[in-house]
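Residue numbers run from 1 in the order of the sequence given. Computed over heavy atoms, backbone and side chain alike; hydrogens, waters and symmetry mates excluded.
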Amino acid sequence: MFDEFGPEKIIEVYNPKLGMKGVVVIDNTALGPGKGGIRFTPTVDKGEVFKLARTMTWKNALAELPFGGAKAGIIGNPKQMSHDEKDAWVKAFAEGLKCVCPGQYIAAPDISMAEHEMEIFVNTIGDKKACTGKPEHMGGLPHELGSTGFGVFHAAKVAIEHLGLDIKQVTFGVEGFGNVGLFVSKFMTEAKAKLVAVSDSKGTLYNKDGIDFKKLEKVKKETGKVTSYGEGKVFPCKDIIYQDVDVLVTAAIPDLIKKEDVPKIKAKLIVAGSNIPTTPEVEAALAKRGILVVPDFVANAGGVISSYVEHINGTKEQMFKLIEEKITKNTKLVLEKAEQEGIIPREAGLKIAKQRVLAKCKTCK
Ligand code: NAD
């Protein structure tokens, strides 16, 4: 489970009185303290946390942030706990991390963790630098600003230009209409791209004449379903990937696009806003069909860039500026390298990230 990059440390935290168990994997700190969220699920284990920590090593290196890669998991079902019990588990987990936090590990929210839990985390460690994703009164930059969606939009913009297309002429579809999907739709439509397909967990909506973003946002808020929009055709959720669009943005589930889907995809460009929407093999098969894929660790780094700005006590204006600069620069770099070397963008991004880590890593070979 380890190689020349890491993990450097795996810390298991137990609290027998509460029955709490958790794990932190600090993968690589060559570029700075390991940065990554804490997820609280019944099934999280060391292997899952390690894979996610490694992804953070590459994502942070590619975004040129002074952070290494890490991730954490608390093993339990928060849905079956009272608020007090959940809070006690988070506190106990933080107690166990005082030895590494924030010097070697900086936390953030992930599944079933939010501002409230980050406040407990900071108060337990006794240092505001212990995590990001804090409430606004502690200097946090709220999720509702749409930092990840803003970054995904800029990755899409660069890739559209790379393909020689005009953003004002392209049609696009978005899988998922939550935090990431909603903001990508907003920023893309503001740039005059035409939203023609959108999905959520209830189904897919397609309208070749265009979907009005503001009306869609209202419909989703009032009914909980994008398919209640009223104009256009409705399909099962999975069908979002087969719709007639120039650009497909993924913003919901992992393992969305399978090998057998490749011949049926009409998009010229897929921008991975969600994590692991497909495999490297499928990305290579898509490339053979001439479909460009901007991988997740390139496109969705807006969230961690926002975390960095929070970490240095920056403002939301600084956050948006830095996301635009970094995502634009790094997406261009990755797409150009991929083209020059005849490799897929994922491979090009990994090569750049690895070089940046190796240049600073004293423990790597
Ligand atoms: P979210 O919970 O706000 O929204 C998820 C959306 O996906 C919801 O609209 C839900 O209805 C929809 N959905 C669920 N199942 C679906 C299905 N089968 N088909 C279509 N839609 C479905 O989540 P989010 O924060 O927007 O995150 C979305 C993805 O982006 C996840 O993969 C997440 O890991 C990744 N991501 C998020 C951030 C962030 O800052 N929010 C950062 C990096 C990566």
Members sharing Leu286's hydrophobic cluster, built from side-chain contacts under 4.5 Å between Ile, Leu, Val, Met, Phe, Trp and Tyr, are Val196, Tyr206, Phe235, Ile240, Ile241, Tyr242, Val245, Leu248, Ile253, Leu256, Ile257, Val262, Ile265, Ile270, Val282, Ile291, Val293

For Met138, the rest of its hydrophobic cluster, which grows through side-chain links under 4.5 angstrom: Val122

Single-linkage hydrophobic cluster Val249~Ile167, side-chain heavy atoms < 4.5 angstrom: yes

Partners passing side-chain contact (heavy atoms from CB on, under 4.5 Å) against Ala299 (at least two apart in sequence or in another chain): Ala155, Val271, Val294

Tell me yes or no: between the side chains of Asp246 and Thr171, is some donor less than 3.5 Å from an acceptor? yes

With sequence neighbours excluded, tell me which residues meet side chain to side chain donor-acceptor pair (under 3.5 Å) with Glu325. Lys321

Spell out, as yes or no, whether a donor-acceptor pair under 3.5 Å connects the side chain of Thr148 to the backbone of Asn300. no

For His143, is there any backbone N or O sitting under 3.5 Å from a side-chain donor or acceptor partner on Ser147? no

When you measure from the side chain of Arg346 to the backbone of Pro295, do you find a donor-acceptor pair of N or O atoms at a distance under 3.5 Å? no

Leu145 reachable from Leu322 in the ILVMFWY side-chain graph, under 4.5 Å edges: yes

Please determine if Lys332 and Glu336 form a salt bridge, counting it only when a charged side-chain N lies under 4.0 Å from a carboxylate O. no

Is a side-chain donor or acceptor of Thr55 paired with a backbone partner of Lys51 at a separation under 3.5 angstrom? yes

Identify the two heavy atoms, one from Gly68 and one from Asn60, that lie closest to each other, and give their separation to 0.1 Å. O-ND2, 2.7 Å

Tell me, please, which residues at least two apart from Lys168 pass side-chain contact (heavy atoms from CB on, under 4.5 Å). Asp166, Lys192

Any sub-3.5 Å donor-acceptor pair from Gln318's side-chain atoms to Thr315's backbone N or O? yes

Note: Gly203 and Thr227 closest approach over all heavy atoms is C-CG2, 3.7 Å

Within one Ile-Leu-Val-Met-Phe-Trp-Tyr cluster: Leu350 and Phe2, side-chain cutoff 4.5 Å: no

With sequence neighbours left out, the residues meeting side-chain contact (heavy atoms from CB on, under 4.5 Å) with His83 are none

Check this for me, if you would: do Arg54 and Asp3 make a salt bridge, where the nitrogen-to-carboxylate-oxygen distance has to be below 4.0 angstrom? yes

Checking side chain to side chain contact (heavy atoms under 4.5 Å, CB included) for the pair Val298/Lys59: CA distance, chi angles, key distance, verdict? CA-CA 7 Å; Val298 179; Lys59 193 185 283 191; over 6 Å; no

Donor-acceptor check, side chain of Arg39 to backbone of Val44, threshold 3.5 angstrom: yes or no? no

Got a salt bridge between Lys91 and Glu95, using NZ or NE/NH1/NH2 to carboxylate O under 4.0 Å? yes

Shortest non-hydrogen separation from Leu292 to Pro345 and the atoms involved: CD1-CG, 3.9 Å

Does any donor atom in the side chain of Thr132 or Lys35 lie under 3.5 Å from an acceptor atom in the other side chain? yes

One thing to verify: whether Lys134 and Glu310 come together as a salt bridge, which I'm taking to mean a side-chain N less than 4.0 angstrom from a carboxylate O. yes

Could you measure the distance from the CD1 atom of Ile352 to the CG atom of Leu333? Nearest 0.5 Å is fine. 4.0 Å

What I want to find out is whether Asp110 reaches Lys71 closely enough, with some N-O distance under 4.0 Å, to be called a salt bridge. yes

For the side chain of Asp296 and the backbone of Ile276, is there at least one donor-acceptor N/O pair under 3.5 Å apart? yes

Taking Lys225 first and then Asp200, would you say they form a salt bridge - that is, a charged N and a carboxylate O separated by under 4.0 Å? no

Side-chain H-bond candidate by donor/acceptor type, Thr204 with Asp239, under 3.5 Å: no

How would you list all residue pairs meeting side chain to side chain donor-acceptor pair (under 3.5 Å) that involve residues 5-16, not counting sequence neighbours? Glu8-Thr29, Lys9-Gln104, Glu12-Tyr14, Glu12-Lys46

Could you tell me whether a side-chain N or O of Asn28 sits under 3.5 Å from a main-chain N or O of Phe5, the two making a donor and an acceptor? yes

Using the test side chain to side chain donor-acceptor pair (under 3.5 Å), find all partners of Glu175 that sit at least two apart in sequence or belong to another chain. none

List, by chain and number, the other hydrophobic cluster members for Tyr105, where Ile, Leu, Val, Met, Phe, Trp and Tyr join if side-chain heavy atoms come within less than 4.5 Å, directly or indirectly. Ile11, Val13, Leu18, Met20, Val24, Ile26, Ile38, Phe40, Ile74, Met81, Trp89, Val90, Phe93, Leu97, Val100, Met113, Met118, Ile120, Phe121, Ile125

NZ of Lys354 to NZ of Lys351, rounded to nearest 0.5 Å, is 10.0 Å

Judged by atom type as modelled, is there a donor-acceptor pair below 3.5 Å linking the side chain of Gln243 to the main-chain atoms of Ala197? no

So OG of Ser112 and NZ of Lys79: to nearest 0.5 Å the spacing works out to 5.0 Å

Salt bridge check: are Asp261 and Lys238 linked by an N-O gap of less than 4.0 Å? yes

Excluding sequence neighbours, so at least two apart, what forms salt bridge (charged side-chain N to carboxylate O under 4.0 Å, His left out) with Asp45? none

For His137 and Glu119: C-alpha separation, side-chain torsions, deciding distance, then whether side chain to side chain contact (heavy atoms under 4.5 Å, CB included) applies. CA-CA 10 Å; His137 72 87; Glu119 184 164 0; 3.4 Å; yes

Output all residues satisfying side-chain contact (heavy atoms from CB on, under 4.5 Å) with Glu4, sequence neighbours left out; order by chain, then residue number. Leu358, Cys364, Lys365

Got a second to check how far Gln340's CD is from Lys337's NZ, nearest 0.5 Å? 8.0 Å

Scan residues 273-326 for pairs that pass ring-ring contact (aromatic ring centres under 6.0 Å, His included), counting only residues two or more places apart or in two chains. Phe67-Tyr308, Phe67-His311, Phe150-Phe320

Output yes when a side-chain donor or acceptor of Thr331 lies under 3.5 Å from a complementary backbone atom of Ile327, and no otherwise. yes

Would Lys215 and Tyr229 count as a cation-pi pair here, with the cationic atom under 6.0 angstrom from the ring centre and within 45° of the axis? yes

Charged N-O contact under 4.0 Å between Lys186 and Glu190: yes

Reported CD-to-CD1 distance for the pair Gln169 and Ile160, which is rounded to 0.5 angstrom: 11.5 Å

